[in-house]
Amino acid sequence: MDPVDQKSRGERESARSAKARSVRADVREADADERAALADAREADADARELTADKRKANADRREVVADARGVEADSREVDADARELLADVRQADAASQARHVEERMRAADERAVSAELRLAEANVHLQAAKEHLIAAATQTATADHRTEDAERLMSFADEQLVVAAAKLAEATSDSEEYQRALFHYTQLVRHRMANPLQVIVGAAATLRARTDLPIDEHLALLDVIVKEAVVLERICLAPKIMDPSEATLDPTPTLRGRASTASPVVSRRP
């Protein structure tokens with residue numbers, strides 16, 4: 001085989017291998033992007049669930065604050081009722097004993113009023129904390145929605161990359177199968193053609209080696225036969241053509257994506 005053709009064949013094989021590796025790398029990168037998008041989507045979903053839990057907690061705190069406020073209001077009403085009762089007792093009871101009793105009850109009423117004010121202050125603090133929780137929950141919900149949108153965009157991009165990678169992989173697979181088919185047909189064609197020239201060359205060379213006493217004209221004739229048959233072998237190997245009806249089913253030239261390849265066929269190294 002011509003060294004130039006052999007070098008060209010090696011370059012084409014290297015290009016096909018590089019193309020296949022590039023396709024596999026694209027597939028792996030698209031798969032990694034898809035996995036990253038899925039991880040972001042799961043994280044966004046977890047954040048949304050956490051926000052829902054925070055909202056529920058804030059609502060529970062608010063309800064507790066409202067309940068405390070109502071209790072404080074009930075206590076205030078009870079204090080007012082006690083005060084009115086004390087006033088009624090003062091009007092109806094003896095001045096000295098009732099004054100002491102009223103004084104004690106007023107002291108108790110003052111203590112309960114102070115306690116009610118403290119509980120009201122605590123309720124206000126809880127209500128403010130509940131409002132802050134609601135604001136934080138709303139902020140986190142907006143952040144989770146934004147991350148969900150980013151995850152959806154990444155998923156769409158990953159799907160597009162997978163489609164492109166699959167198309168490239170299918171193209172590379174088709175080209176490889178076509179080269180293998182052409183190589184097989186080329187091997188069949190060359191084997192079919194090489195038998196007779198090889199037999200002639202081997203016979204002439206064996207005669208020259210065994211008959212060292214041949215006349216010069218016979219010696220040269222055998223050499224001419226060897227050269228002629230070697231030229232035939234070279235033509236068969238470098239530019240095979242269909243020459244017999246039995247070879248009509250063989251096509252040694254690969255056809256890639258609707259156009260015939262102009263590259264020389266690859267010669268098999270095996271006999």
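FYI, side chains are in, hydrogens and waters are out, and symmetry mates aren't considered; it's all heavy atoms of this structure.
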Write down the atom of [X], the atom of [Y], and the distance for their closest heavy-atom approach.
X      : Y      : value
Ala158 : Ala30  : CB-O, 4.2 Å
Val79  : Ala109 : CG1-O, 4.1 Å
Ala58  : Leu134 : CB-CD2, 3.8 Å

Using the rule that two of Ile, Leu, Val, Met, Phe, Trp, Tyr join whenever any of their side-chain heavy atoms come within less than 4.5 Å, decide whether [X] and [Y] are in one cluster.
X      : Y      : value
Leu220 : Leu208 : yes
Val225 : Val232 : no
Ile201 : Leu223 : yes
Val227 : Leu198 : no
Ile216 : Leu222 : yes

Out of Asp47, Asp40, Asp45, which residue meets the side chain to side chain donor-acceptor pair (under 3.5 Å) rule with Arg147?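 Checked Asp47, Asp40, Asp45 against Arg147; only one passes side chain to side chain donor-acceptor pair (under 3.5 Å): Asp47.
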Is there a donor-acceptor pair closer than 3.5 Å between any side-chain N or O of [X] and the backbone N or O of [Y]?
X      : Y      : result
Ser156 : Glu152 : no
Thr207 : Gly203 : yes
Thr148 : Ala144 : yes
Thr173 : Leu169 : yes

[atom2] on [Y] to [atom1] on [X], rounded to 0.5 Å:
X      : Y      : atom1 : atom2 : result
Glu117 : Arg112 : CD    : CZ    : 13.5 Å
Asp61  : Gln128 : CG    : CD    : 13.0 Å
Thr52  : Glu50  : OG1   : CD    : 10.0 Å
Leu154 : Glu149 : CG    : CD    : 12.0 Å
Lys55  : Gln140 : NZ    : CD    : 10.5 Å
Glu234 : Glu229 : CD    : CD    : 13.0 Å

Does any donor atom in the side chain of Asn59 or Arg56 lie under 3.5 Å from an acceptor atom in the other side chain?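 Checked: Asn59/Arg56 side chains show no N/O donor-acceptor pair below 3.5 Å.
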Kindly determine whether Asp31 and Arg35 satisfy salt bridge (Lys or Arg N to Asp or Glu O under 4.0 Å), including the steps that lead there. CA-CA 6 Å; Asp31 188 46; Arg35 291 179 179 176; 3.1 Å; yes
Kindly determine whether Met106 and Asp82 satisfy side chain to side chain contact (heavy atoms under 4.5 Å, CB included), including the steps that lead there. CA-CA 9 Å; Met106 286 295 292; Asp82 292 338; over 6 Å; no
Residues [X] and [Y] bridged, charged N to O under 4.0 Å:
X      : Y      : answer
Arg107 : Glu111 : no
Lys228 : Asp224 : no
Arg211 : Glu218 : no
Arg119 : Asp75  : yes

Partner residues of Asn124 under the side chain to side chain donor-acceptor pair (under 3.5 Å) criterion, sequence neighbours left out: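 Listed in chain order: nothing, the list is empty.
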For Lys168, run the side-chain contact (heavy atoms from CB on, under 4.5 Å) check against Val27, Asp26, Val163 and tell me which one passes.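 Running side-chain contact (heavy atoms from CB on, under 4.5 Å) over Val27, Asp26, Val163 with Lys168 returns exactly one hit, Asp26.
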Would Leu162 and Glu34 satisfy side chain to side chain contact (heavy atoms under 4.5 Å, CB included), going step by step from the backbone distance to the final call? CA-CA 9 Å; Leu162 281 176; Glu34 184 176 8; 3.1 Å; yes
